[in-house]
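Report on one structure; see the data block that follows.
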Amino acid sequence: MDELREDRLRAPVTAADLLRWLEGAAEAVRAGEVDADELIAVLGELRQASTACANASDWTLLAAREAGASLRQIAPVFGKGYVRAPAARLEKLHREVLSADQFLELMRRRAAE
């Protein structure tokens, strides 16, 4: 059961994945295999992915609270373990949406624009 649960929900990309990619990209740039136009295109892709990751993080924060997670449980993920950071983020999110489902619908509408 633990094995199934571990595979059930994981982030689609991790910091370690990105570091491996970055090391390979840096090597290719140093070797002269990548030009400025390619780097600019990748920069655009990464900026879009960064926004998508931030949105996924916000959705997960809302969903975790809805699933019963306390701010004290969530706080370490935000860094120093202060409950103020996730509380402030939740407050900001709740100005736009009341639930994780509403947030997901908002993201769908924005993507369609």
Side-chain angles (χ1 to χ4, degrees):
M1 178 81 171
D2 287 338
E3 200 172 306
L4 177 65
R5 186 166 176 82
E6 187 175 308
D7 291 337
R8 195 172 70 195
L9 184 63
R10 297 181 59 139
V13 65
T14 66
D17 295 335
L18 285 173
L19 180 57
R20 277 190 300 278
W21 174 86
L22 187 56
E23 288 169 343
E27 197 173 299
V29 169
R30 281 191 297 275
E33 298 169 0
V34 180
D35 65 19
D37 288 339
E38 287 177 280
L39 289 168
I40 292 167
V42 170
L43 176 61
E45 292 171 1
L46 288 170
R47 300 286 299 169
Q48 289 176 340
S50 176
T51 298
C53 283
N55 289 337
S57 174
D58 285 346
W59 176 86
T60 307
L61 172 62
L62 288 164
R65 282 293 283 169
E66 290 170 17
S70 72
L71 290 175
R72 289 195 187 281
Q73 289 174 296
I74 295 168
V77 177
F78 277 74
K80 299 182 181 188
Y82 299 121
V83 297
R84 283 178 274 166
R89 188 69 195 145
L90 280 167
E91 184 178 325
K92 184 175 180 184
L93 289 168
H94 283 149
R95 288 185 204 129
E96 278 191 282
V97 297
L98 296 176
S99 70
D101 286 340
Q102 284 181 346
F103 184 82
L104 188 56
E105 182 56 36
L106 178 64
M107 292 301 95
R108 286 183 187 125
R109 279 185 298 195
R110 287 181 180 168
E113 293 174 354

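Residues take their numbers from the sequence shown, with the count starting at 1.
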Do [X] and [Y] come close enough that some side-chain heavy atom pair is under 4.5 Å?
| X | Y | value |
| --- | --- | --- |
| Val42 | Val34 | no |
| Leu61 | Phe78 | yes |
| Thr51 | Gln48 | no |

Is Glu105 salt-bridged to Arg108, going by a charged N under 4.0 Å from an acidic O? yes
Salt-bridged, Arg109 to Glu113, with N to O below 4.0 Å?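 Here Arg109 does not pair with Glu113 in a salt bridge, since their nearest N and O are not under 4.0 Å apart.
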Do other residues, nucleotides or ligands put more than 12 heavy atoms under 6.0 Å from the CD atom of Glu27?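 For Glu27, atom CD is not crowded (no more than 12 foreign heavy atoms under 6.0 Å).
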Give me the atom names and distance for the closest heavy-atom approach of Ala69 to Arg65.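 So the two residues come closest at O-NH1, 3.1 Å.
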List the atom of Pro86, the atom of Ala75, and the distance in Å for their closest heavy-atom pair.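 Looking at all heavy atoms of both residues, the closest pair is CG-CA, 4.0 Å.
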Please check: side-chain N/O of [X] versus main-chain N/O of [Y], any donor-acceptor pairing under 3.5 Å?
| X | Y | value |
| --- | --- | --- |
| Ser57 | Cys53 | no |
| Glu38 | Asp35 | yes |
| Asn55 | Ala52 | no |

Find the distance between [atom1] ([X]) and [atom2] ([Y]) and round it off to the nearest 0.5 Å.
| X | Y | atom1 | atom2 | answer |
| --- | --- | --- | --- | --- |
| Leu104 | Leu62 | CG | CG | 10.5 Å |
| Ser99 | His94 | OG | NE2 | 8.0 Å |
| Glu91 | Arg84 | CD | CZ | 13.5 Å |
| Asp58 | Leu106 | CG | CG | 10.5 Å |

I'd like to know if Leu90 and Val83 are part of one continuous hydrophobic network [Ile/Leu/Val/Met/Phe/Trp/Tyr, side-chain heavy atoms within less than 4.5 Å].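 Looking at the clustering, Leu90 is in the same group as Val83.
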